[in-house]
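Just below is one structure, and these are the notes that go with it.
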Amino acid sequence: MKSFSIYLEELNNEFLKLHTTKEDLFWKAKMGLADDVTAIQHQHTETEIAFNRFAQDATKLAELRSYETAALSEDERVAHAGWKAFFEANVIEDEKAKQIAEHIVELEGEMQLKRGGMGLGYIHPKTGEKIAASTNELSNMLLSEEDEAIRKAAYEALLSIGPFILENGFIEIIKERNKLARTQGYEDYYDYKVQRTEGMSKKELFKLLDDLEVRTRDANKRAVDAFVKERGDGAQQPWNFKYYRAGDIEGKKDPYLPFANGLECWVYSFAAMGIRYRGAKLTLDLVDRKGKYENGFMHGPVPSWYKNGSWVPATINFTANAIPNRVGSGGEALNTLFHEGGHAAHFANVQMNAPCYGQEFAPTSVAYAETQSMFLDALLTDSDWLTRYASNASGQTMPMELIEQHHHDEQPFIAMMVRSMLGVCYAEKWFYEASDADLTPAKIQTMIADLEKRMNMMPASPRPILAVPHILAGESSAYYHGYVLAEMAVHQTRKYFFEKYGYITDNPAIGPELENGYWKWGYSEPFFELVKRLTGKPFSADALVAHATRSADDAIAEAHRLRDEAKKREAPPSSVKLDATIEVIHGREHIASFSNGDFSKANENFKQWVVSHYPKAQQPS
């Protein structure tokens, strides 16, 4: 038997070659960078199958187990444990199951091509013309389009995604995923995914989710009842709800959150919190366009890790889908930038001695990964962040009156936001528990309609569950519970920081605490244990429930406290020290690049690009 050090080097090299090749092609396919869309999707499918064969190889798990009694150094034992956990989470020993897994990847690739080519768009109610629009454009129309008939057309376009995927392969994918799980002895595909990524059973997971559903019912009902009483029955229609809720506030907030200022908000804000990317190379593609994947994501072609004691910085790609000249789009894109930038901060800081620890798939907990991103995008509603970073073309920051209105309008519906996420979890649970006889387009759509009514306590969800892209892709299917668990951890973590420091915005202790408490460990520690160790309390939904069910008056009082305390602190100097090399692109077009110390020129280039390509976008400040 070869020495473990030689075996480990071979294993690391094989993984990195397969992983990086797969992720590079993933980026090209999802960003629409290839001339031949079908060919690039097939190439990506082939590399994903090749990687899966590596990850599912039972002989590698057996080889690792053979070294368990060997005389390994402490560093070797850490690397051995990481690889053993990786293969235990991914190995498929049954040959029939391996064939099913590869067939599923092929089906998912075909589904992606069909979904991308469905010709999504809305029928203009006056002209009858079909106008092409992405899901991001359609969702934004529900928020900002003044004409109700056009809003309804946009909603119907989103709704059309469901019947399309049900008639074009999604049901077969559900059945094959279940076949894969049951062939290996799991209850169903959801149970298979949860056990392998979260280390808990489906029953244990839904005990947590069911408790949260019960604890948010009353707050959701109060909010809907009050809203309908104030705005009328029509306000709860899915094409009206977001627009009526926004009222004039989105228009008022929009000048203070222009997308052109988004890059500097991210750089200065993260730097002030002491967040560093440890030499990573980041590529950002931030604006919506035809052929681009319609949801933000972060993937890392090269994981961060220590190779024989030497640091290997990460290579990371992440996206947003900004539509800079639409009202509200700047704020939404900024949220995505902070969210995916949070993922990138996490995965650029995994400091283990095997590259498997720094990849974002099983056995990396979905909840663990999403906690890092959602903690950082939560900053964007904090009053001390808004009064420092949200500014209009004249350099004026967002006034407190507008922040008060935001909390007055938004706080009552936080419970609904939580329940909307729960709705996706319950939908997928139903998919994989249903009998084959119940998996018909008609029965699925009936189930979804009933579920949306129950979870939202309205006629339908403004974001149709079947339009959520996560349910289609293998890596993000049976995944959405991760966002719910992460919301619990986010608010538990925020409560800890507020109790310890009183503030999060521009607090230079936050980055180092996140790095040492969460990021550096990869999946070497259980997620719930990391939360307990950082916050000093067992993982629970208590902080989230308190946040989601508090009154608007309490939210406004908290906003005043944060703003008033921030006034007493001296503002930190504007730093751009992220310890990263960053390139901003738009497809094949280079927009700007920078590293430590040379941000001003890149920032100006980015702002000018946004304004020149989207003339209605706010002039840069």
Side-chain angles (χ1 to χ4, degrees), residues 20-48 105-122 130-140 157-158 160-161 164-165 168-169 259 262-263 281-301 315-326 329 332-333 336-337 339-340 343-344 360 467-476 582-593 606 609-610 612-614:
T20 302
T21 301
K22 171 179 73 79
E23 291 299 329
D24 285 344
L25 284 168
F26 176 91
W27 179 254
K28 289 179 181 178
K30 295 296 186 183
M31 292 297 98
L33 299 179
D35 294 327
D36 189 330
V37 175
T38 302
I40 197 69
Q41 181 60 54
H42 286 157
Q43 288 177 43
H44 173 248
T45 297
E46 289 171 2
T47 60
E48 187 167 359
V105 173
E106 293 169 351
L107 291 175
E108 290 168 350
E110 293 170 7
M111 181 79 255
Q112 177 66 30
L113 286 172
K114 291 176 182 177
R115 170 64 185 85
M118 74 173 283
L120 188 63
Y122 66 97
K130 184 173 183 178
I131 300 173
S134 68
T135 57
N136 297 293
E137 290 173 307
L138 295 168
S139 296
N140 192 268
L158 287 172
S160 73
I161 295 172
F164 181 88
I165 65 171
N168 283 276
F259 179 68
L263 192 64
K281 178 184 176 183
L282 309 180
T283 300
L284 286 58
D285 189 320
L286 302 176
V287 178
D288 196 41
R289 64 179 177 276
K290 184 177 180 181
K292 180 180 177 180
Y293 187 61
E294 296 178 341
N295 203 57
F297 66 82
M298 183 236 76
H299 276 226
T315 298
I316 291 173
N317 304 321
F318 69 87
T319 81
N321 293 85
I323 311 168
N325 54 4
R326 277 196 173 271
S329 180
E332 290 181 2
T336 305
L337 180 57
H339 183 96
E340 305 304 339
H343 275 311
E360 60 266 32
V468 174
H470 298 67
I471 66 176
L472 299 182
E475 69 269 14
S476 58
I582 300 167
E583 182 181 17
V584 184
I585 63 173
H586 182 61
R588 298 174 182 175
E589 181 182 359
H590 170 85
I591 298 175
S593 58
F606 175 73
W609 185 91
V610 172
S612 65
H613 286 75
Y614 297 87

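Being a predicted model, the structure only gives us computed values, none of them experimental.
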Indicate yes or no for a side-chain donor-acceptor contact from Glu137 to the backbone of Ser134 under 3.5 Å, with no hydrogens or angles considered.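 Such a contact is found between Glu137 side chain and Ser134 backbone.
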Quick check against the 3.5 Å criterion: does Ser593 have a side-chain atom that pairs as donor or acceptor with the backbone of Glu583?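 Not a single qualifying donor-acceptor pair exists.
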[atom2] on [Y] to [atom1] on [X], rounded to 0.5 Å:
{"X": "Thr336", "Y": "His339", "atom1": "OG1", "atom2": "NE2", "result": "8.0 Å"}
{"X": "Asn295", "Y": "Glu340", "atom1": "CG", "atom2": "CD", "result": "8.0 Å"}
{"X": "Leu284", "Y": "Ile582", "atom1": "CG", "atom2": "CD1", "result": "6.5 Å"}

In chain order, what residues pass the side-chain hydrogen bond (donor to acceptor under 3.5 Å, both in side chains) check against Lys30, with sequence neighbours excluded?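 Residues passing side-chain hydrogen bond (donor to acceptor under 3.5 Å, both in side chains) with Lys30: Gln112.
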Positive for side chain to side chain contact (heavy atoms under 4.5 Å, CB included) with Val105, one of His44, Glu110, Glu48: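 Between Val105 and the candidates, side chain to side chain contact (heavy atoms under 4.5 Å, CB included) is satisfied uniquely by Glu48.
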Who passes ring-ring contact (aromatic ring centres under 6.0 Å, His included) against [X], sequence neighbours left out?
{"X": "His299", "result": "Phe26, Phe297, Phe361"}
{"X": "Phe606", "result": "Phe259"}
{"X": "His586", "result": "Trp609"}

Return each pair, listed once, that meets salt bridge (charged side-chain N to carboxylate O under 4.0 Å, His left out) where at least one residue sits in residues 285-295; pairs must be two or more places apart or across chains.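 Matches after skipping sequence neighbours: Arg115-Glu294, Asp285-Arg289, Asp285-Lys292.
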If a pair satisfies salt bridge (charged side-chain N to carboxylate O under 4.0 Å, His left out) and one of its residues is in residues 31-45, list it, with sequence neighbours excluded.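 Sorted pair list: Asp35-Arg588.
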Derivation and outcome, side-chain contact (heavy atoms from CB on, under 4.5 Å), residues Tyr122 and Leu158: CA-CA 9 Å; Tyr122 66 97; Leu158 287 172; over 6 Å; no
Looking only at non-hydrogen atoms, find the nearest pair between Ser476 and Pro469 and report the distance.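 Answer, listing the atom of Ser476 first, then Pro469: OG-O, 4.5 Å.
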